[in-house]
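Every chain is numbered from 1, with letters handed out A, B, ... down the list of sequences.
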Amino acid sequence: MEPFPSSVIAQKTWELENNIITVDPPPSSTPPAPTTTATATTTSPDPASDAIFCYDESAQAKFQQEKPWANDPHYFKRVKISALALLKMVVHARSGGTIEVMGLMQGKTDGDAIIVMDAFALPVEGTETRVNAQADAYEYMVDYSQTNKQAGRLENVVGWYHSHPGYGCWLSGIDVSTQMLNQQFQEPFLAVVIDPTRTVSAGKVEIGAFRTYPEGYKPPDEPVSEYQTIPLNKIEDFGVHCKQYYSLDITYFKSSLDCHLLDLLWNKYWVNTLSSSPLLGNGDYVAGQISDLAEKLEQAENQLSHSRFGPLIAPPPRKKEEESQLAKITRDSAKITVEQVHGLMSQVIKDILFNSVRQSNRSSSEPSGPEPMIET
Amino acid sequence: MASSSTSSSGLTFKLHPLVIVNISDHYTRVKSQMQQPSSNSNSNSSSNSNSNSNDSVYGCVIGVQRGRTVEIFNSFELLYDESTHSLDRTFLEKKQELYKKVFPHFYILGWYSTGTDAHESDMLIHKALMDINESPVYVLLNPSINHAQKDLPVTIYESEMHVIDGNPQLIFVRSSYTIETVEAERISVDHVAHLKPSDGGSAATQLAAHLTGIHSAIKMLNSRIRVLHHYLLAMQKGDIPCENALLRQVSSLLRRLPAIESEKFQDDFLMEYNDTLLITYLAMFTNCSSTMNELVDKFNTAYDRHSRRGGRTAF
């Protein structure tokens, strides 16, 4: 099968946009195998990308000794998550429903990147109410790590993950305290937050990786990362602590066998893609979002009406804040709408595909679908 | 001995993609560790990573069995003892305990391995597991990457008692399976498989991503229908003998369209449609009022400088 030129162009564009760097083959270990980036004609698996799966114990031990992160709180900047770890974390987070669940991640470090190879769940619930929920699961952790080492997974624990079902990827006050504790005693350690509800609603994975700054450290002003809406009852917690941690860039990787299998999986998977109905599954969540938005709007309205009575007295910054409050609300509403419209588009397409067999005589009642009217 | 006959037990198997990725990761890990023996001082001394010259890895699959449906959710690795051709029992039990704590609903359904075909020695392992589950399944993944192959190299075997040469023997028989998934799993598999852009992007890129996904799915549907169409045309022309069973299946498939056609469905559908339009309308409203607000504020700021009256000025 020859690759279609347009898909190659599209892939190249996407790769450029997302700064994909193909892993360079280390000169010593791998046999010379000419590989091109992911065309259908490669016949041998790319040994280079699989090199990441080797665990070099001595190099890791050396790195632990050196502790380069002790001097620079902003040392680790990137996270690489394996396909397996991501899948396991998302499935576990989703299985918890509306309850927060947590687990640990195993992996290693690589310069300024933390690599997550695998993840496993911990039998602990309700992690948002106490700082050291991990203490309950110490025994489990030890047992599991032991069995893993026996079975050939040599990596150590490099972080923990937990879920925020429906309220976004950020660290709450409790999370920040937990992570600070971890970063004191278990370096290098990473915190990952997953929102399974928003993942399903938006159709893309909602995940964030964070590290806290040590106590008293004043971070340089950094640009705000991707904006996300926080429900009203959590927004205070978010605001108080959002300056105490920074987020890391996440990239994903998979082995060549994974690539191959996932490609083939698509042959069976397309049925699920077509048959998924996000509108039906997410009704509750969307309703919750809209009512939350309504409350925020009321709040913004109250603030606005106060300022009307004293434009000379009220300092300009406050006005700017209300404006940005309203702008935030607008952005939130746009996001909800876009997701809804996408869901509806799927429904309409399915309707046309499977239902309009006998409608060919009369003019079809549904046109190709409403175009999103909101441009951000 | 693996036979190519199909299983007659009537069980339907559902496999989750997580299991496939698990097995693939296990295999890749062990293989890459074996390629770098110098850096791993203690892993080579243990039996598992060097035990099999044919690079097989072994593990256990867990899941749920409801009636006639067997759903395989997850899997974990096991130790294989080359000398006795069996899996380490204590290890299995320990791991099972750990997994029970986190996933209390899952039971051991069988075991997995990598390789090209089921062997006689696998039957020993299979029999050993029969005391945990009276009819375990054997999931075999073929790790060799063959780009000509269009189908998933995963086969599920069951064991059946067949009489061969007068002796009742257990042999492996193949079973068919479907890939089952939950929505979250599907999205993350999609994400990793096609590496969709992970950040928000603009509304345009989100729309493009969403539609591309649906488009590829529809393309697959189209190609499958074409294959059927082609086949039927050939049958009509007389190139291939008429196969009545297939014709019956196709006819019943076609009779299922239109999928739903009732008053109630139309009503619900239109209501959903209207709800979405209403949300869009409200969002536009919010957008407009926000813009208006900004305009008013800017106007006020511009005018305030000229008048000294407090409170409302031009507005």
Side-chain angles (χ1 to χ4, degrees), chain A residues 18 45 50 53-54 56 83-84 86-87 90-91 94 121 123 143-144 147 151-152 196 199-200 203 205 226 252 254-255 257-258 260-262 264-265 268 270 272-274 276 281 309 311-312 319 323 326-327 330 333-334 337-338 340-342 344 346 349 354-355 357-358 372-376, chain B residues 17-18 20-22 24-25 28-30 32-33 36 39 43 48-49 77 79 94-95 98 101-102 143 145 147 152 179 181-188 191-193 196-197 199-200 202-203 210 213-214 217 220 257-259 261 276 279-280 283-284 286-287 290 293-294 297 300 304 310-311:
Chain A
N18 283 282
D50 290 349
F53 285 86
C54 297
D56 191 353
L84 178 66
L86 179 71
L87 204 51
V90 173
V91 168
R94 184 61 172 168
D143 277 342
Y144 196 94
T147 55
T199 297
V200 174
V205 182
E226 178 199 346
Y252 304 99
K254 47 191 166 145
S255 71
L257 183 60
D258 284 339
H260 178 69
L261 288 174
L262 288 171
L264 292 177
L265 195 60
K268 301 235 157 88
W270 57 273
N272 297 74
T273 310
L274 202 51
S276 72
F309 289 107
L312 288 179
K319 269 202 213 146
E323 276 157 337
L326 199 51
T330 315
S333 66
T337 312
V338 164
Q340 275 291 97
V341 168
H342 283 172
L344 186 69
S346 319
I349 289 176
F354 300 116
N355 271 355
V357 172
R358 305 226 170 102
M373 297 200 282
I374 313 249
E375 313 266 321
T376 46
Chain B
L18 178 58
I20 301 179
V21 178
N22 245 338
S24 144
D25 173 78
T28 316
R29 213 189 324 137
V30 170
S32 68
Q33 274 170 6
Q36 302 236 335
S39 50
S43 75
N48 51 335
S49 52
E77 312 88 6
L79 294 179
K94 195 145 189 253
K95 266 295 229 245
L98 290 175
K101 284 202 197 139
V102 192
I145 300 184
H147 286 272
L152 209 51
I179 302 282
T181 181
V182 282
E183 185 68 16
E185 207 176 353
R186 178 189 77 79
I187 293 176
S188 30
H191 193 90
V192 182
K196 291 222 193 88
D199 61 0
S202 63
H210 188 246
I214 299 189
M220 286 297 284
L257 294 178
E261 203 188 31
T276 311
I279 294 178
T280 320
M284 274 315 280
T286 321
N287 200 7
S290 157
N293 187 42
E294 276 175 38
D297 280 335
N300 269 348
D304 272 348

Judged by atom type as modelled, is there a donor-acceptor pair below 3.5 Å linking the side chain of S24(B) to the main-chain atoms of I20(B)? no

Between chain B and each of L86(A), T147(A), D143(A), V91(A), count heavy-atom pairs under 4.5 Å; write down the option with the most. T147(A)

What are the two closest non-hydrogen atoms of P17(B) and E185(B), and how far apart are they? CD-OE2, 3.2 Å

Given the options T330(A), L84(A), L262(A), which has more heavy-atom pairs under 4.5 Å with chain B than any of the others? L84(A)

Would you check, one step at a time, whether the test side chain to side chain contact (heavy atoms under 4.5 Å, CB included) holds for D258(A) with V21(B)? CA-CA 6 Å; D258(A) 284 339; V21(B) 178; 4.2 Å; yes

Which distance, rounded to the nearest 0.5 Å, do you find between the CD1 of I214(B) and the OG of S346(A)? 3.5 Å

Side chain, backbone, both or neither: which part of K101(B) has a heavy atom under 4.5 Å from chain A? both

